[in-house]
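Only this structure's heavy atoms are used, side chains among them; waters, hydrogens and symmetry mates stay out.
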Amino acid sequence: MIDISGLNSQQHEAVTTISGPSMILAGAGTGKTRVITYRIGHMIDQGIQPEQIVAMTFTNKAAREMKERLISLVGSHGKGIMVGTFHSFCIKILRRFAEEADLDPRFSLAGTSDQLDLVRRSLEEKGWHGLYKPDDILSRISRAKNALLIPETMLEEALQAKFEDEDLSFLKEVYQLYERQLKLNRVIDFDDCILKTALVLRRRSDVLERLQGEYTHFLVDEFQDTNFAQLSILELLAGKLNNICVVGDDDQSIYSWRGAMVETLDRFENIFKGTKLIKLEQNYRCTNVILNAANNVIKNNQGRKDKTLWSKSQSEEYITLTSKRDDGEEARWIAQKCFGLLGQGYRPKDIGILYRANSQARSLETALRERNLVYKVYGGSSFFERKEVRDFLAYFKLSLDPHDRMSFWRVINTPSRGVGLKTLERIEERSKELKISPFEVLVRNEVKLVGKANDAVGQFVKDVQSQSKWPIIHIDDLEKRGGEIIKAFGLEDDIRQKTSHEGAKKRKLESLKKLPEWIKGIGENQVEERGSLNILDLLDQLTLSDDKSGKNDKGPENHISLMTIHASKGLEFPAVFVCGIEDDLLPHKNSIDCPMSVQEERRLFYVAITRAKVKLHLSFARERFSNFQKQDRKPSRFLKELPKTGVVTDTELQSLNHLTSEQDRRERNAKRLSRLRDSIKGGFS
DNA sequence: GCAAGGCTGATTTTT
DNA sequence: TCAGCCTTGC
Ligand SMILES: Nc1ncnc2c1ncn2[C@@H]1O[C@H](COP(=O)(O)OP(=O)(O)OP(=O)(O)O)[C@@H](O)[C@H]1O
């Protein structure tokens, strides 16, 4: 039996209400995630089988954390619970019911750069190439998919779905072309994981009924960030038994650009009749100083749901607000403070450094490295999206299945084999005519090549065939295949030849060399987790994974965490730095002119503040490198919304004058000095 | 018809 | 800084 005596009465009620629909609406740090975890534990105590339970989280990191907490709470049968993101849950369903979902069972998951390639190809088909920006098109298609719209019916359904676009009929056309490309290349994209699952559940009652029988209880964390397509899946799966519990906070809705809508919370109550609404009010995370600041900021938003939020935790610890000359200075200041915190007994993992945009990580990394501090950057440009890694993986996939078009087009002329645009067109034409894969076109010599190109392509075909001949059965085969690919296709020479910058060349060669071992490591993890090796799943995992580092380090992690505010949702740290709090960054320049978007940016600031348990350090720079130019920066408008008490302003900070009286400032400075002395004393003891 | 090298414009947030 | 795109030379 799990011990639920430590819960407060509202939490207790939420945990013990296990049948029927319930919605927990509560502010930051009130124990929403804790309620989910304990509720699952309680359900298992009540005899519900772990395999019947599905818990959705928003990020992979949150899923891992919840799984760990569950296992420590209920023991090893916690392993049977389906805890994951919507995407990972859905792709499992699609793999299992591929045929019912009208998918080739060997489909794979396209990463962001694959998606962009396919959009480019779609645009080229119509000669629209150059007229539109592929990433703009992609995000418009993505929004349509999140609203559960498909090209065939989107014009009629757009209005009802409250879907808006600057040019719907144009979007319909590119969306259709893009879908054709996906299908042709036998891939699905991120949004398809959700969309195709919703569609198969809608269209195939046999699939729906089977899943309804297997999964009887649903829990969703961060429900405010659920989009329409995801809500539909919940509606379908949980709609029969109505055992569903969602937790959320409208003030932490920060993913509207991914289709999350405020109305989702209200819609839930309409879909699941008789929803029990539970509110949690006590924050167990932050000191009252921090909570007061957070409340002061967020109260400037309009149309909020009514919530009370208080904390027992009294603190002498002030929030600090610091201004530095530029982003480098800001980063060095943060690194210095981190160093001091470690001296005071804080562990690296107690510290989180948060920012608006991934690009801000760079200067922070430099500064932390200078002080030899252990850190990890979460998110950011993915290791898998790097060219040399994508090339390698394409060869790898081609060796698993030579008819894989997506991979074929990617590598047929990498390294250069004398195959250019014209030859590619001829291959594609032939492939269409004969209804065979482009690789098969080459095998059958259906396209005449001459001289060097002929030799090189002949060798390519032979090499791919000889790799695809032997199956990958054991984990060691992964490494072996990887090594042989690099050798057979001359990937090292390709890098040596194409990279002019020496440093970059070295780095790329080194990461290439590590790839075979790396892919083996991922295979090992998979076998450890589920006892067997499945390569399709392994490739899915690679694309969905949030570990962009390309390292597979195991064991307890103890490092300073660097991440965007978006990625920090649901997490907490004893000490938090929020940096770059400037207009045009937070709120971001693309959002600053639209009041609704500014509100979302304010929620982002609110999320950032409420990640901190005890120490909160805010900072901004007066000058920053952006667009590869020095730019003058202004402190964020949100800083004026901080309370006058509890926030200490750095002496260097002149530009913000809401701290009025001179005496006030002297007092604060005295306090600050004494604390500084303490921290120095601590730092070197 | 192909490959190499210069030019330009882009960095919001994630699965 | 870097990658995609376009021009030029072979
Ligand atoms: N009843 C309780 N007693 C002691 N500590 C608690 C209690 N409830 C929650 N906490 C602690 O409060 C902190 C915040 O909890 P949790 O992360 O579940 O909040 P949350 O509502 O999910 O936050 P967020 O809105 O930021 O996602 C955690 O450290 C948790 O252990």
J.: Between A:N413 and B:dA3, is there a contact of a side-chain N or O with OP1 or OP2 at under 4.0 Å?
T.: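 Yes, such a contact exists.
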J.: If you check the A:T564 side chain, which of B:dC2, B:dA3, B:dT13 turns out closest?
T.: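 Closest of the options to the side chain of A:T564: B:dT13.
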J.: What's A:S416 touching, base or sugar-phosphate or nothing? Going by heavy atoms closer than 4.0 Å.
T.: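 Sugar-phosphate only.
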J.: For A:Y255, answer base if it contacts any base atom (sugar-phosphate contacts may also be present), sugar-phosphate if it contacts only those atoms, and nothing otherwise; contact means non-hydrogen atoms under 4.0 Å.
T.: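 Result for A:Y255 = sugar-phosphate.
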J.: Contact class for A:L585 (heavy atom, under 4.0 Å): base, sugar-phosphate, or nothing?
T.: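 Counting heavy atoms under 4.0 Å across all strands, no contact is made by A:L585.
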J.: Is the shortest distance from a Lys or Arg side-chain nitrogen in A:K452 or A:D455 to a carboxylate oxygen in the other one below 4.0 Å?
T.: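 Looking at A:D455 together with A:K452, the answer is no, because their closest N to O distance does not fall below 4.0 Å.
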J.: Between A:D251 and A:R304, does any side-chain N to carboxylate O distance fall below 4.0 Å?
T.: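 Yes, A:D251 and A:R304 are salt-bridged.
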J.: Using heavy atoms to find the nearest nucleotide of DNA chain C for A:R120 and A:R362 separately, return the residue whose nucleotide is more 5′.
T.: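 Residue closer to the 5' terminus by nearest nucleotide: A:R362.
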J.: In whole Å, I'd like the distance from the CZ atom of A:R121 to the P atom of C:dG4.
T.: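 Rounded to whole Å, this separation is 13 Å.
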J.: Does a donor on one side chain and an acceptor on the other come within less than 3.5 Å for A:E601 and A:Q599?
T.: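 There is no such pair between these side chains.
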J.: Evaluate the salt bridge (Lys or Arg N to Asp or Glu O under 4.0 Å) criterion for residues A:K506 and A:E510: first the C-alpha distance (whole Å), next the side-chain angles of each, then the deciding distance (0.1 Å), finally the verdict.
T.: CA-CA 6 Å; A:K506 214 172 153 190; A:E510 259 165 38; 5.2 Å; no
J.: Quick check for you: among B:dT15, B:dT11, B:dT14, whose closest atom lies nearest to any side-chain atom of A:H566?
T.: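 So the side chain of A:H566 is nearest to B:dT14.
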J.: Look at the side-chain N and O atoms of A:T423 and state whether any lies under 4.0 Å from the OP1 or OP2 oxygen of B:dC2.
T.: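 Result: yes.
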J.: Between A:R426 and A:E429, is there a side-chain N and carboxylate O pair less than 4.0 Å apart?
T.: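 Result for this pair is no, no salt bridge flagged.
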J.: Is any side-chain N or O of A:Q115 closer than 4.0 Å to OP1 or OP2 of B:dT15?
T.: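 Indeed not, no polar side-chain atom of A:Q115 lies that close.
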J.: Side-chain N or O of A:T112 less than 4.0 angstrom from OP1 or OP2 on B:dT14?
T.: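 So the side chain of A:T112 is outside the cut-off, no N or O lying under 4.0 Å from OP1 or OP2 of B:dT14.
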J.: Within the structure shown, what part of the strands sits under 4.0 Å from A:Q230 by heavy-atom distance: base, sugar-phosphate, or nothing?
T.: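 Result for A:Q230 = nothing.
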J.: Does A:D135 reach a base, just sugar-phosphate, or nothing at all? Heavy atoms under 4.0 Å.
T.: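 Counting heavy atoms under 4.0 Å across all strands, the contact made by A:D135 is with sugar-phosphate only.
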J.: Mapping A:V419 and A:T85 onto DNA chain B by nearest heavy atom, which one lands closer to the 5' end?
T.: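 The residue closer to the strand's 5' end, by nearest nucleotide, is A:V419.
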J.: Just how far, in rounded Å, is C1' of B:dT13 from CH2 of A:W257?
T.: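 Value for this atom pair: 4 Å.
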J.: Calculate the interatomic distance between A:M56 atom CE and B:dT14 atom P; express it in whole Å.
T.: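 For the pair A:M56 CE and B:dT14 P, the rounded distance is 21 Å.
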J.: So that I know where these two stand, are A:F218 and A:F89 an aromatic pair - ring centroids less than 6.0 Å apart?
T.: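 Ring centroids of A:F218 and A:F89 are no less than 6.0 Å from each other.
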J.: Choosing from B:dT13, B:dT15, B:dC2, which nucleotide comes nearest the side chain of A:K422?
T.: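 So the side chain of A:K422 is nearest to B:dC2.
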J.: For the pair made of CG in A:L116 and P in B:dT11, what is the distance, rounded to whole Å?
T.: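 Roughly 11 Å, once rounded to whole Å.
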J.: Quick one: A:K452 NZ to C:dC10 C1', roughly how many Å, whole number?
T.: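 Taking NZ of A:K452 and C1' of C:dC10, I get 11 Å after rounding.
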J.: Does A:N358 place a side-chain N or O at less than 4.0 Å from the phosphate oxygens OP1/OP2 of B:dT14?
T.: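 Affirmative; the distance criterion is met.
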J.: Rounded to the nearest angstrom, tell me the gap between atom CG in A:L123 and atom P in C:dC5.
T.: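 Taking CG of A:L123 and P of C:dC5, I get 11 Å after rounding.
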J.: May I have the distance from A:K61 (atom NZ) to B:dT15 (atom P), rounded to whole angstrom?
T.: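 Checked: the NZ to P distance equals 12 Å.
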J.: Would you kindly give the CG-to-P distance between A:N590 and B:dA10, to the nearest whole Å?
T.: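 Those two atoms, CG and P, are 12 Å apart.
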